[in-house]
Amino acid sequence: MIHHPMKSGGVSHRSVIHMRHGRFALALSAALLLATVAADARPLKWARSGDSLTLDPHAQNEGPTHALAHHFYEPLIHRDFQGKEVAALAVSWKITDDPAIWEFKLRPNVKFHNGNAFDADDVVFSLDRARQPTSDMKGAITSIESVTKVDPLTVLIKTRGPNPLLPNTLTDIFIMDKEWSETNKVQKPQDFKNKEENFAVRNANGTGAFQLVSREPDVKTVMKRNDSYWGIGQFPMQITELTYIPIKADATRLAALLSGEVDFVQDVPVQDIERLRGQQNLRVNVGPENRSIFFGMDVASADLKTDNVEGKNPFADKRVRQAMNMALNRQAIQRVAMRGQSLPAGMIAPSFVNGWSKELDAFPAGDVNAARKLLADAGYPNGFSITLHCPNDRYVNDEAICQAAVGMWGQIGVKVNLVSQSKSIHFPLIQKVPPETEFYMLGWGVPTFDSEYVFSFLYHSRADKYGSWNATRYANADADKMIESLSSEVDKAKRDATIAKLWTLFKEEVIYLPVHHQTLAYGMKSGFDIPVDVANQPKMKYVSFKTN
Amino acid sequence: MVSQSGNEAGGPAGTGWLARAWDSDVGYSFRTSPVAIGAAFVSGLIILATVFANVITPQNPFDAATLNLMDGFTPPGEAGAGSGMTFGLGADSQGRDVYSAILYGTRVSLLIGFASTVFSLVFGVTLGLVAGYVGGRIEALIMRIADIQLSFPAILVALLVFGVARGLMPPSLHEQMTFAVMTIAIGLSNWAQYARTVRASTMVEKRKEYVDAARVIGLRPFPVMIRHVLPNVAGPVLVIATINLALAILEEATLSFLGVGMPPTQPSLGTLIRIGQQFLFSGEWWILLFPSLALVILALAINLFGDWLRDALNPKLR
Amino acid sequence: MSAETKDLASAPLVRADRLTCRFDVSRPWLERVVAGAPRQTLTAVADLSFEIARRETFAFVGESGSGKSTVARMVVGLQQPTSGDVTIDGISMSDPRSAAAREKLRQRLQMIFQDPFASLNPRWRVDRIVAEPIRAFGIADGAAAEQRVAELLQLVGLSRTDSRKYPHEFSGGQRQRIAIARALSANPEFIVCDEPTSALDVSVQAQILNLMRDLQDRLGLTYLFISHNLAVVRQMATRVGVMYLGRLVEVAPRDELFARPRHPYTRMLLDAVPDLDMVGRQRKPVVGEIPNPISPPGGCSFHPRCPLAFDRCRTELPVMTDSAGALVACHAVADGRIS
Amino acid sequence: MNEPLLSVRNLRVEFPTRRGILTALDGVSFDIAAGEILGVVGESGAGKSITGAAIIGLLEPPGRIAGGEIRLKGERIDNLPADGLRRIRGKRISMVFQDPLTALNPLFRIGEQLSETIQLHTGMKPAAARERAVALLTDVGIPAASRRIDAYPHQFSGGMRQRVVLALALAADPELIIADEPTTALDVSVQAQIIGLMKRLCREHRVAIMLITHDMGVIAETADRVAVMYAGRIAEIGPARDVIKNAHHPYTQGLMGAIPTLVAAAGRLTQIPGTMPRLDAIPKGCAFNPRCPHTFARCVVERPELLQAERSRAACWLHAKAAI
Amino acid sequence: MIAHLVRSMLQGALVILTVGLIAFSMFRFVGDPVATLAGQEATDADRAELTERLGLNDPFPVQFARFLGHAAQGDFGISYRQARPVADLLAERLPATLELAVLSALFAFVFGVVFGVYAAINRRGVVANAIMVVSLIGVSLPTFLIGIGLIYLFAVTLGWLPSFGRGDVVRIGWWTTGLLTESGRKSLVLPVLTLGFFQLTLIMRLVRAEMLETLRAEYVRFARARGLPERRILFRHALRNTMIPVITIVGLQLGSVIAFAIVTESVFQWPGLGALFVNAVQFVDIPVMAAYLMFVAFVFAVVNFMTDLVYVTIDPRLKS
């Protein structure tokens, strides 16, 4: 199963958000203002390219699935549009005297949609449920050892060793009603992998701001405002009825917005942003997403299968990797393939991730001659050929980027055969042991907003818990050790130093060829102003509309 | 009847087949049908253009290294920002000259069209001949299968073959095998028509006495089928093949449009339309419009020709 | 040896022995089951025996459905008999042991068909059509074959330049000439003619009939002649067999048959033929139509239409008996009730 | 002499084709008297069927009447508008086709097709029309007509079907029936029955019949008068016995000699050399001149009109000498 | 007649069986069901156990019989991709596809027959020729281009009609219909036109050809010779005979409209079976592909049977 690349839960205990577009902040504060005025309410039709896979909140750790679940269910802590942590079902949390035990105070007077009261039992039940073998969320909260109720509004969470980052991991762990779950026999999460189905897949009973009215998978999901929501008065809550409609085809989705059938499109194709901006009654908001796109290559194998070089691995030569890196004209990709909607990158972490720096994110200017020279030095004056694997339905213009890159490498004599296919076929090539690709495109989001997450998945040698998305075969024992040390390092300065050292090393080695940090574009009727959510999980209770 | 005696008026004997064909009823019908002439001219022109595509295009759109990304989205008639060359029909998102891409894409479409048409023709005609000539259980079996096949639309069969082929082949081979898979998928979805027609004609022909005459001198069924029956069922087969060619091209386009066809690095017309469709609203109309026009004109020309051929070869309609 | 050869020469060229041909005309299995209908067979030819001497023209005459064409097809091997056998010059047409001899025999055996529009492959040029047997039997090739085709075309009254044309460039009569040329190309001695002129106009028919007779005289051919037209049969045949519902009812030398028809069916047929000599005269009407051959009447199959039928005719199948120079299968004749 | 029922004068029918205009009928003139059977014979392509189709107004496009006139009881019918001609068809002039198998609509009962025609032309009520239909079927010799009337065409044998077709032709008591090869598709014994039936109907219903056939025997038995056609023209016309026994046109003579019979000596048949010309290559002058044993200069340049020859009239210059 | 219908039914059964065999073979041999179901972590013992439990060790005919048995009960297994019972997926999307297909078929049939008859009667007329040219363009225009064009014109430029989906649907039991709401009806227009247009051109051309064939029949000439009015000949005699072959082929077409819907549904995001199938092909979701195939076979068999029923009532030659 493919989780991480699709995962978009962004967590930051630091909330380093660079507000590139000042009007988001304005819009948000305006929205909050309006909320208190309690203007009139109206429905919202929300279109996106893909549907949620299941309503069972613990069955799939996937972006679009969570995005919808956030409207029915709530975690103890969630994040607003900027990625800032906001108290949800917990009102406060702190580490107790035992550094391995956290205490959470729960929100009083909260009711589930079915009228049942929310209390500590539900939290204990839900966190236990999320750690069951069939849960897909268990990986996110492996550090939890046990959850205990103290009183109806207090729970203790014991972790395996001190874990200062625990709250960050809870933002996508939804709380279910224990009684409802038992009545409907859904104490265990749906076993998605083994094609199970349970009551919770089609029904939802949470504490969220919206209640499920009806759901037709891949067609539409209708929700209505939860009028007994605890947050009324705190959030605008102006959407009376929310209809979520997956529309796969770009053109159809856009047509739906243009013709006014939907109010909000979460993924506007980059080429259409300009046109939408030209529309009187429409608005487009763009903003950075917590995700970077890059190419990976097999830097360690003795020989490559898909190349035309006998007995040698051209990628094993750093000069070749540098040449490939130089040949990549990131500005051209940004300007033409992405229509300006991306940030060319030199590292696999956007600016709001801990460890990012301007120097590290710098990249070489496209220089064909220098690249050719490097190749010639490495012994490939006439280049070589290699197969590149690319997804065609996962990232913004993924296929077009690959195509463009193929042309650029072609200019330095490296003939790249492009194989682009669906993510469901592409990702296993990377995840398999040993990997079945030698050259590939991948995108990476950093839900913890910390470089450690990047290192352990992408740079650590492939071993047990680590390196599961590292198909480069890169293995550096020293680096591995340094990466492992990050999780237990409590001294922040020391930790940051290690991170910087690692980034410098990896950048020097040119293990990956970063392309850009992805940008999101939301399109909507001009009556709304929904800013881009860094995690790409907009929560509609925040949305208000203007009456201009 | 009088109308028949018109048919008997043959041209001068002993002239070349071309002259005779020109002078025949079909030839006459061709000469007097502006639609047929136009359709044949346009089809011929397109085929010629695609054959000499590498000579008459400024760019090889299949060679990614020659593309300049900065030329991307150059409007028709303007010079690209990267290479500075002028793009008569504009450039697409990859800086590919739309005109070159159309010719190369049409070449791919035509190749798949021809290959799959030949595939289904050979397959269907063989089965039809055998069914019609041998009869009995073999015929029943073949025709039942053809019935079943015919009750499933070509696009469904093609999708199915495509899906099965993908399931059977290692993912790494998918891209290289696309051409073959497409050819077989489209070919397999169209053979039944030939089989049906050929069987029906064969059953008519085999009752004719010239077949008996051949059998009297001891010819075996196979030579009789090949030498005598086959040439006489060629007319309807030709008509079906022409119309099937148009159909196969459209089918290829549809498959590519649905995303199960040719890859964007070797775009066929369908792939070009699929790519172009992304720019339907963004103002870069030329990326969608020109390949669509090319596809429709090509299909229409072939269809018009096939339609005329059907009427011309059907003596009843004269 | 010479005595034997002489014997062979006087022996009949073609001998058919109790030829029977049945076709399964049952409706599909399922329909039979649902309707509870039995299997149905059509007996096209039943228990037919005849002999054809060298250089004679033996004719079968009968209305449609009488099985005369099936006989023709069985004689040339286009149709396998259900039972019985045809031997030509002592070689069985159905015995597997004589397969090799039969292949050689094919060269001596040809057929001329009814429809000159259907019997020539429209996609072939005349030279190829005419030369097909020559090539198939390996008689000649290349220029020799070309030369032979030219001779044949001239023999049947066409020009040698016609060899480069296609069949559609000829009229019906000319096409039948081409068909005759093809039949003659491999120098056969026995030709089966299945209604060779029934698709032609009378003036053309006369040309073709004359041509066929001339050729017979010149080449010493033996004909089996099938026709529904009594006048044409009278014109061509030396001996005539009359068929009704798959059976022979009367066999007689031509003049005998037309002068003194014995079987009531033969008489009825002769009576029914519209004839130039009938100008203005009224004839007695013929009764009934041919019964369905799938379920022919029992006994003598002609009895429902026969003015002379009596009880025996309804139950007992009459056998061929000699009646003063003719063979007749009729109880009334056998009993001497008609002469 | 009273007015003929049908009078055809100088009828000319053309088929425009890509090789120019083909003249299928050229200057055809003849009369049919009430209650008379006129036989029209000729080889295929001679223009017999086209004559019939032209009279009843059913020429297949692009065929068209290009000249001459057709009068029914003195009233011109060749230039009637489509609807006027339709009112004559079936009511005053009926037609019988060669193949009874295909002439009847397979999806309608015999009775429906009969009643339809009767009601259309007589305005009878359905019940009366049905009664008349039963009577007609009985008249043409269909046994148990009141029961068989509800059968479909495929439930009849060939001979019975031709009887039904005749009943349909008689439905509105027409004055003339054009019978185009009505017996050709039938067996000899059935053929004799249908010929007998037609003769009887002609007599009893006082209906004239134009009998188109290539079979001289049928003509001999049935017709009062015969018209022999050659290459779109009438070669000879006269009383049946005269034409058959004492032909005046060399073509007729050749034709008669070419027909094998049951009585004449079975020697060599008389043979007309060559074949009938195609319509695009009809010789100048007398169309028969290249095949005629008596051709002389005039035949090649001037086309002969029908000239009186005893009781017949023949289009042959041989008879002009007599006139001079 | 009964025999005819029984044969039609048996033929349908044969089709279902054959398609079932194809579907089953896909199920069994394309993609390894054990590998797919067991997941990557499974041990050899797990695999063996699963193989046994799934009955994959049984002889082929036994497995096939079991597959058919399950299929007959509507059990097609679980979608690899959506992890839900395939039967549920099909049932959910069935109403959308059926509604679209039936309306398109109706549209195509009515207009196809009208235009076809018109074009046949006025064979050389200007309008008839125009109809034929349009029909050829229709045959030459791929469905997706028609869809895109209609969306561009009616949804984007004019804004009259919705561009995707079914609009508001009303649930009646397990069935959902868009016919009872205005937005539902509006949503149907463009997909129905798109899907129906191709069928319309096919039917029209077919009707024209058959009508011309019929008009050349001897009984039509005979009907003219009997003086029947042209209207009566055309609409009573000729049309009825034309309809016999037309109904057979149209019957087959109607069955395949459902499958033709694949492209239309993809363009219009129509929540039907076709869109489901396209997704299944892309993701090699064999159970869904197999089930869809079986479904189409079933529809074909049913439609074919109904066609034969109509056929039998029209053609008296089949009654005896």
Side-chain angles (χ1 to χ4, degrees), chain B residues 35 39 144-145 147-168 171 243 246-247 249-255 257-260 269-270 273-274 276-277 280-281 285 288 292-293 295-304 306-307 310-311 314 316-317, chain E residues 11 14-15 18-19 22-23 25-26 29-32 123 132-133 135-137 139-145 148-149 151-152 156 205 209 212-213 216 251-253 255-263 266-267 274 277-278 280-286 289 292-293 296-297 299-301 303-304:
Chain B
V35 173
R144 279 299 84 70
I145 295 175
D147 280 351
I148 293 169
Q149 145 83 74
L150 272 178
S151 54
F152 287 82
I155 195 73
L156 170 59
V157 177
L159 274 170
L160 206 68
V161 174
F162 197 89
V164 168
R166 277 176 86 128
L168 286 174
I243 290 167
L247 211 66
I249 289 170
L250 293 182
E251 236 174 90
E252 185 278 327
T254 305
L255 286 177
F257 176 79
L258 290 176
V260 295
L269 283 178
I273 293 170
R274 175 167 69 93
Q277 191 216 6
L280 178 60
F281 300 109
W285 47 270
L288 173 65
S292 303
L293 274 181
L295 177 66
V296 174
I297 290 172
L298 177 63
L300 188 63
I302 298 174
N303 266 331
L304 279 171
D307 207 47
R310 186 213 316 262
D311 287 353
N314 186 352
K316 281 187 251 167
L317 280 180
Chain E
Q11 225 160 34
L14 184 82
V15 170
T18 315
V19 174
I22 296 168
S25 306
M26 275 167 47
F29 301 116
V30 181
D32 181 356
R123 187 148 88 93
M132 289 313 288
V133 169
S135 87
L136 261 182
I137 294 175
V139 178
S140 310
L141 261 180
T143 304
F144 59 88
L145 273 186
I148 292 174
I151 289 179
Y152 188 77
V156 179
R205 296 172 72 80
L212 285 176
E213 190 78 39
R216 276 192 299 272
L252 284 176
Q253 288 294 334
S256 57
V257 166
I258 289 189
F260 268 119
I262 292 171
V263 180
S266 298
V267 174
F277 179 68
V278 171
V281 168
Q282 274 167 346
F283 291 95
V284 198
D285 191 344
I286 298 290
M289 283 164 71
Y292 180 75
L293 203 59
V296 174
V299 169
F300 166 73
V303 171
N304 207 28

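By convention in this document, chain letters (A, B, ...) are assigned in the order of the sequence lines, proteins followed by strands, and residues within each chain are numbered from 1. Here the structure is a predicted model, which is why all the values come from computation and not from measurement.
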Interchain contact, B:Ala253 with chain E, by part (heavy-atom threshold 4.5 Å) | both
Residue part contacting chain B, namely of E:Ala209, when any heavy atom lies under 4.5 Å | neither
For E:Leu136, is it the side chain, the backbone, both or neither that has a heavy atom under 4.5 Å from a heavy atom of chain B?
-> both
When rounded to the nearest 0.5 angstrom, what distance separates CG in B:Asp307 from CZ in E:Arg205?
-> 4.0 Å
Scanning both residues in full, the closest heavy-atom pair of E:Val139 with B:Leu250 reads O-CD1, 3.1 Å
Residue B:Ile273 versus chain E: region with a heavy atom under 4.5 Å | side chain
Could you grab the distance from atom OH of E:Tyr292 to atom CG of B:Leu159, nearest 0.5 Å is fine?
-> 9.0 Å
Chain B contact via E:Val133 - which portion, at a heavy-atom distance below 4.5 Å = neither
If we only count heavy atoms from C-beta on, is the E:Ile262 to B:Leu156 side-chain gap below 4.5 Å?
-> yes
Can you check whether E:Ile148 reaches B:Phe257 side chain to side chain, under 4.5 Å on heavy atoms?
-> yes
Residue among B:Ile302, B:Leu247, B:Leu300, B:Val296 with most heavy-atom pairs under 4.5 Å to chain E | B:Leu300
